[in-house]
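In this chain, numbering begins with 1 at the start of the sequence shown. We use all heavy atoms of the structure for the numbers below, so side chains are in, but hydrogens, waters and symmetry mates are not. Everything quoted here is computed from the prediction, not taken from an experiment.
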Amino acid sequence: MLDFIYYPVSGIMWVWHWLFSHVTPNSPGGDGIAWALSVVFLVFTLRAILYKPFVKQIRTTKKMQEINPQLQAIRKKYAKDRVKMTEEMQKLQKEHGFNPMLGCLPMLLQIPVFIGLFHVLRSFNRMGTGMGQLGMSAAETRSQGNYVFSAEQVQNFLDARLFGVPLSSYLVEPATEFQAFVEPGSPIDFTRPQIAFVVIPMMIVASIATHLNSRASVARQPEAALENPQTRMMNNLALYVFPIGILVTGPFFPVAILLYWMSNNIWTYGQQHIVFGHIAKEEEEAKLLKQEKLKANAPKPGARPDRKKKPAATNTNGADSTNVSLSKDGSSDKAGTDGVDADASPDESTTAAADTGAGAKPKPGQKPTRPGAGAAPGKKQNHNRGSRSTAKRGNKRGGKR
């Protein structure tokens, strides 16, 4: 029924066994080592294929943590309208390029491989009568092929030993099935305590490795994500339930499956270290680049800010309030200002015009000037003195006459 899984899994395992069988030919325990390495590198092959999806999973998880406050706000806002809540959440996820399926893809793809390997390993010994077993005799099971493996390779697998026990043996396996692991009529060369001596340490190592990997993953989560009840529940499952589950189900797993589980955890630990380190380096480089841009746009120390000059004020007619006009005698005078000496210098007259112009604010201590007022008092005195001296001259001339 699941041949589309069993054949690829057994095919990858066949390739690695063929390679390692040429590396360790005729060495003590060489067959067991070659078969064990074929299982280990089956794991490594699968995880190498899933490397890019794993990286996307990490990035998706981090992006979900970033938009989680917005998702919580949407849930709170549309708590009574599930349809609108779903639409807004999908819209937000689409805007940020978030795909929830990417976060589950690596785990989903590992499940069929695990099931396939478990079935292929059990199919080397088909004496069992449980689900998926055919209830064959020892002679029949040793003479039947196993998917891509020939009957000769099946016999080689059943005769191979790792630490003195068969790779497809498990702790609670019925003793009647032990006969498949030896030639017909030969005595059994291993015992159940020997299986326990190999299986129990592997169960403990696999359980601890699962806990450590989950712990390293949880430690990288931000505090905001840890406050989410769903996240806390998933973290507790990964930290405690899954490791304990390995200890509970370990007696039912063949030696090769526990070897698969240990190898998978070793790969996961190294891969997490590499991927998270690479992402942290990218974030640090992006942060430094942003700081450099801000530093480049900031004004230099001691430099004055570049302020735009304001345009000169104009009167209602659109002309400058300090327009220059020519007097009758040809000297320049400031037009439109009252009380400004025509003989004053341009700077003085301009200052006076600015000080006494319409709408100008008087300086502290200065008396306001009235519109249409005459010349400055000093000029008036000079004018009167000139008039008196002219009158006296006229009188004198008249007296002489």
Side-chain angles (χ1 to χ4, degrees), residues 1-25 27 29-55 57 105-126 132 145-163 165-170 181 198-199 202-203 205-207 209-210 213 242 246 249-250 252-272 274-275:
M1 183 175 61
L2 297 177
D3 289 350
F4 67 95
I5 296 176
Y6 303 147
Y7 275 99
V9 170
S10 59
I12 296 173
M13 188 175 171
W14 182 93
V15 171
W16 285 114
H17 174 260
W18 176 85
L19 177 63
F20 288 113
S21 63
H22 288 78
V23 174
T24 59
S27 59
D31 290 339
I33 294 174
W35 283 108
L37 289 176
S38 68
V39 174
V40 171
F41 278 83
L42 169 66
V43 178
F44 293 168
T45 302
L46 169 67
R47 297 305 301 272
I49 294 172
L50 297 179
Y51 178 78
K52 287 187 177 180
F54 177 81
V55 175
Q57 175 195 11
L105 184 61
M107 181 61 69
L108 293 176
L109 291 177
Q110 289 184 65
I111 292 175
V113 175
F114 179 83
I115 295 173
L117 179 61
F118 182 77
H119 177 76
V120 169
L121 291 174
R122 290 189 66 191
S123 296
F124 280 105
N125 185 351
R126 297 182 178 180
N146 184 17
Y147 297 101
V148 301
F149 295 106
S150 63
E152 183 181 354
Q153 290 173 322
V154 170
Q155 293 178 19
N156 184 271
F157 179 86
L158 294 172
D159 294 337
R161 300 289 184 265
L162 182 67
F163 303 112
V165 298
L167 281 94
S168 62
S169 61
Y170 52 98
F181 297 114
V198 175
V199 167
M202 296 177 71
M203 290 165 44
V205 171
S207 178
T210 302
N213 281 330
F242 293 161
I246 295 175
T249 59
F252 300 92
F253 287 153
V255 174
I257 286 291
L258 293 173
L259 188 63
Y260 167 91
W261 202 275
M262 291 172 56
S263 305
N264 190 54
N265 278 286
I266 292 172
W267 178 280
T268 301
Y269 184 82
Q271 184 173 261
Q272 281 187 350
I274 294 172
V275 172

For the residue pair [X] and [Y], what are the closest heavy atoms and their distance?
{"X": "S168", "Y": "L158", "result": "OG-CD2, 4.4 Å"}
{"X": "P8", "Y": "D3", "result": "CD-O, 3.9 Å"}
{"X": "G116", "Y": "I5", "result": "CA-CG2, 3.9 Å"}
{"X": "S169", "Y": "V165", "result": "OG-CB, 4.2 Å"}
{"X": "T268", "Y": "N264", "result": "OG1-O, 2.7 Å"}

Note, [X] side chain near [Y] side chain (heavy atom, < 4.5 Å):
{"X": "Y147", "Y": "V9", "result": "no"}
{"X": "P166", "Y": "V255", "result": "no"}
{"X": "I246", "Y": "T210", "result": "yes"}
{"X": "N125", "Y": "F181", "result": "yes"}

Qualifying residues under side-chain contact (heavy atoms from CB on, under 4.5 Å), relative to [X], sequence neighbours excluded:
{"X": "M203", "value": "V199, L247, P251, L258"}
{"X": "F163", "value": "V198"}
{"X": "S150", "value": "E152, Q153"}
{"X": "Q271", "value": "R47, Y51, F54, W267, V275"}

Next item on the list: Assess whether side-chain contact (heavy atoms from CB on, under 4.5 Å) is satisfied between D31 and D159, documenting all intermediate values.
Entry: CA-CA 8 Å; D31 290 339; D159 294 337; over 6 Å; no
Margin query: N213: which residues meet the side chain to side chain donor-acceptor pair (under 3.5 Å) condition with it, sequence neighbours left out?
Written below: N265
Checklist line | Candidate pair V148 and M13, rule side-chain contact (heavy atoms from CB on, under 4.5 Å), full reasoning | finding: CA-CA 9 Å; V148 301; M13 188 175 171; over 6 Å; no
Donor-acceptor list for residues 35-43 side chains, cut-off 3.5 Å, not counting sequence neighbours:
from	atom 1	to	atom 2	distance (Å)
W35	NE1	H17	NE2	3.2
W35	NE1	N156	OD1	2.7
S38	OG	W35	O	2.5

Check: Of the options W18, Y6, F124, F157, which is the one that meets F149 in a ring pair (Phe, Tyr, Trp, His ring centres under 6.0 Å)?
Finding: F124
Next item on the list: Could you check whether the rings of Y260 and F114 sit parallel, tilted or perpendicular, using 30° and 60° as the cut-offs?
Entry: tilted
Checklist line | S21 side, atom OG; W16 side, atom CH2 - distance, nearest 0.5 Å | finding: 12.5 Å
